Each structure stands twice: as structure tokens, then as C-alpha cells.
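One structure below.
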Amino acid sequence: MDAYVEKDAVEAGDDRRRPLEGPPPAPSEPAPPKPADTAGTTSTNGTTGASGTGGGIMALSLPYQVVVAVALAVTGVFACVHLAMVFLHVAPSNTLTKQNGQAVDDWIYPEFEQNWKLFAPNPLQQNVSIEVRAELATADGGRRTTGWIDLTAQDTGAVRHNPMPSHTQQNQLRRAVDFYFNSHNDEHRPNGLRGRLSEQYMRRIAVQRLDALPSLADSDVRRIQLRAVTRPVPAPWWGTEKSKSSPSYRDFPWWRITDADRSPDTGADPNRTDTAQNRTEEAR
């Protein structure tokens with residue numbers, strides 16, 4: 001009996017010495033799940049997982065990857081071919097240029113023409129313009145000759161203040177005149193087939209320009225004559241070089257206008273030249 005009393009006394013003393021325990025803590029809420037990595041996961045070997053987007057061309061689908069790869073390949077081939085053609089064009093005459101000269105010229109002209117006149121030791125100091133006049137058939141059966149019309153001034157007016165002028169406005173007339181001078185002698189006699197072809201080309205350009213003028217609308221153009229007017233560029237005020245200021249003229253022969261010249265859509269065979277109509281004649 002006494003043993004039980006002592007045991008209860010000891011347990012009561014221990015309870016007085018033991019600190020009071022608070023209420024049990026509330027259970028903690030689970031952490032929210034992390035968002036999925038939209039940039040893709042990288043495995044230990046450095047490759048991007050299937051959920052990743054990659055970068056560059058690899059970010060595209062397979063059909064678009066094929067399209068981009070083909071476009072890059074075509075662009076690279078075009079650039080290499082263009083550089084090779086330009087190199088052969090400006091390089092001195094050699095075996096390749098002799099064998100493939102026509103192919104090189106077809107590639108270069110007219111869009112990629114290489115002109116070094118700006119860097120020549122003596123740059124061009126003249127302005128050359130092309131003028132034309134026409135002989136018209138009047139209603140009473142007579143003939144009337146117009147005044148000189150500056151075709152170069154028409155092109156210059158169309159190009160000036162135009163941010164994107166056409167290739168025709170810039171080079172058609174100039175290249176046609178160069179073609180004519182290079183295929184004729186000083187007496188305006190053609191040097192073979194190219195000379196006759198250049199005459200046809202010049203006639204058609206002139207007739208088209210005349211037909212576009214409102215003052216000559218519905219006129220019956222029978223003959224035309226062109227001339228090249230060379231005007232020296234004045235020297236700067238600080239220069240000591242002296243040059244003449246008066247222009248010089250080089251008259252072309254009178255040319256009869258044929259039906260093929262009147263229709264720009266009708267091609268004429270350069271090998272078939274009508275001596276009665278297409279021959280050049282002196283001014284009457």
C-alpha cells in the first residue's frame with residue numbers, strides 16, 4: 001500500500017517539473033507544383049527534349065526546314081555564279097572568256113553592266129543628247145518637217161526626282177546609240193548585219209517616242225532623222241582648263257519608216273532588209 005502511494009507521489013512530482021505542452025501544430029500545406037519548363041529540358045548528353053523549341057531553323061517544322069534549306073542553297077549558288085560571271089567579264093581575255101563569252105554577256109547585260117568610266121584617268125567631260133525630227137504627210141498631200149525634239153531630255157525629266165526610275169528610262173536610248181556607233185563607220189555605213197539591226201532598233205525607238213507626243217498624235221510619220229549633240233561640261237571656277245562652250249552636232253541619215261517600225265509588237269527579221277524601204281538616204 002505504501003509502495004503505491006510513493007509511486008503516485010513521484011509521478012506527481014515529475015508532472016510538476018515537466019513543462020506544459022502546447023497544442024499540436026497544424027499540418028503544413030503541400031507546396032504547389034512547379035510549372036512545366038516551356039523552354040525544353042536538356043538531357044545529360046546535351047540534346048533538347050521533345051517538348052523544347054530549339055533555335056534557328058530547328059525551331060521550324062520539317063516542311064519549313066526543307067523550304068529554308070532549299071532557299072539558302074539556291075541563294076548561295078546564285079551568288080557564286082554571279083561572282084564568277086562578273087569576274088570573267090572584267091578579267092582580261094582568256095580561254096574561258098573566249099569559249100563562254102556569249103553566255104557571260106547574256107548574264108551581265110543589261111542589268112549588271114560594269115562601267116569604269118567614273119574612275120578613268122580622264123572622266124567624261126561631255127553631255128551627249130539625242131534629238132530627232134520627223135517628216136510628216138499633210139492632209140493636202142504635202143510634206144512638213146517638225147523641229148528638233150530632244151529625246152534625252154525626255155528621259156532626264158522622267159528620271160529626275162524619281163526614286164525608282166525604270167531601266168528603260170535610264171539606258172535604252174543610250175545603249176541604242178552606242179550600239180549604232182559601234183556598228184557603223186563615220187559615214188554611217190553599217191558594218192554587216194549588226195549595223196542594219198541597230199538602224200531598225202533606233203528607228204523603232206524614235207517612232208515610239210514620237211507617237212507618244214500629244215502634239216504629234218495621229219500624225220503620219222514618213223521619215224525621221226536623228227542627230228547627236230555634244231555639249232562640253234564647263235570647267236569648275238578653280239580650274240585652269242579651257243574648253244569650248246559651243247555644242248557639236250553629228251547628223252544621222254534620213255530613214256524611211258516602215259510598217260514594222262510603227263508596230264512595237266511586230267518583230268522584223270533582221271536578215272530580211274527591204275532595199276526600197278529600209279535603206280538610209282541622204283536628206284533631200
Side-chain angles (χ1 to χ4, degrees), residues 89 101-115 117 124 126-136 145-146 148-159 165-213 216 219-230 249-283:
H89 178 69
Q102 185 61 42
V104 173
D105 291 343
D106 293 342
W107 180 276
I108 294 297
Y109 295 109
E111 298 295 341
F112 306 119
E113 178 185 4
Q114 306 296 309
N115 192 327
K117 293 180 180 179
L124 294 177
Q126 298 172 337
N127 289 325
V128 180
S129 60
I130 302 300
E131 299 178 352
V132 62
R133 63 178 177 178
E135 183 180 81
L136 310 178
T145 303
T146 66
W148 289 103
I149 301 171
D150 194 340
L151 302 181
T152 303
Q154 295 178 0
D155 291 345
T156 303
V159 171
S166 69
H167 177 75
T168 301
Q169 294 168 342
Q170 298 180 79
N171 296 317
Q172 183 189 51
L173 184 61
R174 178 182 62 85
R175 294 301 304 270
V177 174
D178 290 343
F179 182 26
Y180 177 85
F181 285 154
N182 292 333
S183 58
H184 286 72
N185 57 21
D186 294 338
E187 287 76 26
H188 294 278
R189 293 180 180 176
N191 300 326
L193 177 61
R194 288 177 58 85
R196 294 191 295 271
L197 181 62
S198 67
E199 292 179 8
Q200 294 178 2
Y201 190 37
M202 288 294 299
R203 285 200 310 269
R204 295 184 183 187
I205 292 177
V207 171
Q208 291 180 26
R209 300 293 183 89
L210 293 174
D211 290 342
L213 296 177
L216 297 179
S219 298
D220 186 5
V221 180
R222 296 300 181 88
R223 298 194 309 165
I224 63 170
Q225 184 186 24
L226 292 96
R227 69 177 182 181
V229 184
T230 303
Y249 302 92
R250 180 178 179 181
D251 293 339
F252 288 47
W254 280 94
W255 288 328
R256 291 186 183 276
I257 301 304
T258 65
D259 292 338
D261 299 328
R262 302 177 192 277
S263 177
D265 298 329
T266 302
D269 185 358
N271 296 317
R272 186 181 58 196
T273 304
D274 189 347
T275 59
Q277 291 183 334
N278 292 349
R279 71 175 185 270
T280 59
E281 60 178 347
E282 300 298 331

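Nothing here was measured: the structure is a model prediction, and the numbers come from that model.
Residues D261 and Q208 fail the side-chain proximity criterion, which asks for heavy atoms closer than 4.5 Å.
Under the 30°/60° scheme for interplanar angles, the aromatic rings of F252 and H188 are found to be tilted.
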Query raised in the report: Would W254 and R222 count as a side-chain contact (heavy atoms from CB on, under 4.5 Å) if you check the C-alpha gap in whole Å, the side-chain angles of each, and the deciding distance to 0.1 Å?
Result: CA-CA 10 Å; W254 280 94; R222 296 300 181 88; over 6 Å; no

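Qualifying salt bridge (Lys or Arg N to Asp or Glu O under 4.0 Å) partners for R227, counting only residues two or more places apart in sequence or in other chains: E131. Among residues two or more places apart in sequence or in another chain, the salt bridge (Lys or Arg N to Asp or Glu O under 4.0 Å) test is passed with D211 by none. Listed by chain and residue number, E113 satisfy the salt bridge (Lys or Arg N to Asp or Glu O under 4.0 Å) test with R175 (two or more places apart in sequence, or in another chain).
For the residue pair T152/D155, the side-chain donor-acceptor check at 3.5 Å is not satisfied. Between Q102 and D106, the side chains place a donor N or O and an acceptor N or O closer than 3.5 Å (distance only, hydrogens not considered).
Atom CD of Q200 and atom CZ of R203 lie 5.5 Å apart (nearest 0.5 Å). Put simply, CG on L136 and OG1 on T145 are 7.5 Å apart, with the number rounded to the nearest 0.5 Å.
A distance-only check finds no donor-acceptor pair linking the side chain of N191 to the backbone of G195 [under 3.5 Å].
The neighbour count for R209 CZ, taken as heavy atoms of other residues, nucleotides or ligands under 6.0 Å away, is above 12.
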